[in-house]
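Only one structure is covered here, and it is reproduced in the block below.
Whatever order the structure lists them in is the order used to number ligands and atoms, beginning at 1.
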Amino acid sequence: MVEIRKPIQVSEAINRVLQHSRAMPTITVSLDESYNSILAEPIIAQHDVPPFNRSPYDGFAIRSIDSIGASGNNRKQFNVIDHIGAGQLTSRKLGEKEAVRIMTGAPIPESADAIVMLEQTVEHDGGFTIRKPFAKGENVSRQGEDAQQGEQLIEAGTIVHPGIVALLATFGYAKVDVAKKPFVGILSTGTELIDVDEPLQPGKIRNSNGPMIIAQLKRMGIASKSYGMRMDDLDVCCQIVEKALEECDVLITTGGVSVGDFDYLPAIYDRLKAKVLFNKVAMRPGSVTTVATVRGKLLFGLSGNPSACFSGFELFVRPALLTMMGCKKPFLPYAKAILTEDFPKPNPFMRFVRSIYRFEDGKAYITPAGFNKSNAVTSIARGNAFMVLPGGTRGYKKGTEVDVLLLGVEEGVDKWQLQ
Ligand SMILES: Nc1nc2c(c(=O)[nH]1)N[C@H]1C(S)=C(S)[C@@H](COP(=O)(O)OP(=O)(O)OC[C@H]3O[C@@H](n4cnc5c(N)ncnc54)[C@H](O)[C@@H]3O)O[C@H]1N2
Ligand code: MOO
Ligand SMILES: [Mg+2]
């Protein structure tokens, strides 16, 4: 008798996976290595930014009091007593009608309180004149205007993107505490599989899921170990899965999760006494996606069908890995867009249609990325988003506003937005 599986909703499946996503330990890495990690500590301003009042322009530092009454008919004259660039200090104190020639980024002398841009001056008698008064604080880039010492600027659980790297560098974080990245194993199962450099043979296809998942992980900055391709053989696959579970924090298998005679993953879960969190999700593609745990480690049984495999990764593996690293925003960013063509075929399950999202004339549009069955590989190549259509009995008309999940975006969101 073929096992009849009971599908659960996508949101419930995600919840179950996240509940079993165990926190990774904290490690300290150099700033250079921190990109794409998840911060294990908040970023606290170690000092004011900027750390001193500085000039935002190339020009002159003056005492505003000396500019009172300046106008086109009553130009005020200043004598230049010093000349500093960024990185230099002046030891001079400004007296009446004195100025320091100063460049962008240089600290403003304590005795000055305004900056005049070079363009606002006319050279005159070894000094310069101005034709308008300057207010106290005018053109001053104030100490602490960007950040104040002690302020928490970024919370723990944030992904380190280039802007975060800049902030860390600003405060002298030569080393930073981040979550250790899970080490992920990948095993592609299927007697039909041949390697990328092999010629096609009757009945065989090249393994595209393995390289795709390596790339999906790389996009997250996560290293993986490939356990290669294995024939549909229960003993062989079981041994490899056991070995991989010893070496890795998480294991992803592809193929062999359905009810076919050579789909051995269910038997492998039995042998390993794995706790199966679910083996059927009310989604298309990827309904057979199975997630289990063995000794607390997550085992993702992704479908062999390329589109289903891709979707299973983005919807379950990605948020699980991010949650393990303490990321506060593990979900794909959500948007709404206008469907550009009819999508007539209804489906009882929620659909994740590989699609092209684009912005034009201030509006967001979504177009299915071509042949869109579970076994499609071309639409995952063309798409940059999922169009998400709720399950039901009706199709969708061109012009309808639909839900979209964006792919390949650095920072996600903190909530799963779909029911
Ligand atoms: N009687 C039923 N048959 C099927 C059901 C079902 O509910 N009842 N579900 C279908 C659905 S939906 C899917 S999806 C697939 C899932 O199959 P498996 O996950 O068991 O994967 P395989 O059978 O091993 O392979 C499916 C398909 O994908 C190709 N494949 C496998 N690995 C790779 C790879 N690494 N790279 C590229 N392509 C791969 C494989 O050759 C098959 O064509 O089951 C349906 N059947
Ligand atoms: O698991 Mo299948 O991908 O629903 O087509
Ligand atoms: Mg199968």
For [X], which part has a heavy atom under 4.0 Å from ligand 1: side chain, backbone, both, or neither?
| X | answer |
| --- | --- |
| N375 | neither |
| V377 | neither |
| N305 | both |
| N209 | both |
| L265 | neither |
| S374 | side chain |
| M229 | neither |
| M212 | neither |
| S258 | both |

Which of the atoms of ligand 1 are close to [X], meaning less than 4.0 Å from one of its heavy atoms?
| X | value |
| --- | --- |
| V259 | 1 (N), 2 (C), 8 (N) |
| N207 | 34 (C), 35 (N), 36 (N) |
| G255 | 19 (O), 21 (O), 24 (O) |
| R284 | 12 (S) |

State, without any angle test, whether T26 and D177 hold a side-chain donor-acceptor pair at a distance under 3.5 Å.
no

If you measure only the distance, is there a donor-acceptor pair under 3.5 Å linking the side chains of E247 and Y227?
yes

Just list the N/O pairs, ligand 2 to protein, that are under 3.5 Å apart, with the distance for each.
from	atom 1	to	atom 2	distance (Å)
ligand 2	1 (O)	G286	N	3.3
ligand 2	1 (O)	S287	N	2.6
ligand 2	1 (O)	S287	OG	3.1
ligand 2	1 (O)	V288	N	3.0
ligand 2	3 (O)	G286	N	2.5
ligand 2	3 (O)	S374	OG	2.6
ligand 2	4 (O)	R284	NE	2.8
ligand 2	4 (O)	R284	NH2	3.4
ligand 2	4 (O)	G286	N	3.2
ligand 2	4 (O)	S287	N	2.9
ligand 2	4 (O)	S287	OG	2.7
ligand 2	5 (O)	S374	OG	2.8

Please check if atom CE in M231 has more than 12 non-hydrogen atoms from other residues, nucleotides or ligands closer than 6.0 Å.
no

Looking at ligand 1, is there an atom of it that comes within less than 4.0 Å of some heavy atom belonging to K280?
yes

Examine V288 against ligand 1 and note whether any of their N/O atoms are separated by less than 3.5 Å.
no

Does an N or O anywhere in L193 fall below 3.5 Å from an N or O of ligand 1?
no

Using side chain to side chain donor-acceptor pair (under 3.5 Å), reason through S188 and N209 one step at a time and then give a plain yes or no.
CA-CA 7 Å; S188 308; N209 290 340; over 6 Å; no

[X] and [Y] ion-paired at < 4.0 Å:
| X | Y | value |
| --- | --- | --- |
| R219 | E314 | yes |
| D48 | R142 | no |
| K336 | D403 | yes |

For the residue pair K329 and F331, would you count it as a cation-pi contact if the rule is NZ or CZ under 6.0 angstrom from the ring centre and within 45 degrees of the ring axis?
no

May I ask you to establish whether R394 and Y396 are in a cation-pi arrangement, using a distance under 6.0 Å from NZ or CZ to the six-membered ring centre and at most 45° from the ring axis?
yes

Under 3.5 Å, side chain of R5 to main-chain N/O of N279, donor-acceptor pair present?
yes

What about the rings of F316 and F278, do their centers lie closer together than 6.0 Å?
yes

Which residue, I252, V291, L322, forms the side chain to side chain contact (heavy atoms under 4.5 Å, CB included) with V317?
I252

In terms of relative ring orientation, are Y173 and F171 parallel, tilted or perpendicular, with 30° and 60° separating the classes?
perpendicular

Measure from atom 24 (O) of ligand 1 to every heavy atom in S287, G256, G260, S188 and give the option owning the shortest one.
G256

Which is closest to atom 31 (C) of ligand 1 in terms of heavy atoms, S311, G203, G304, S307?
G304

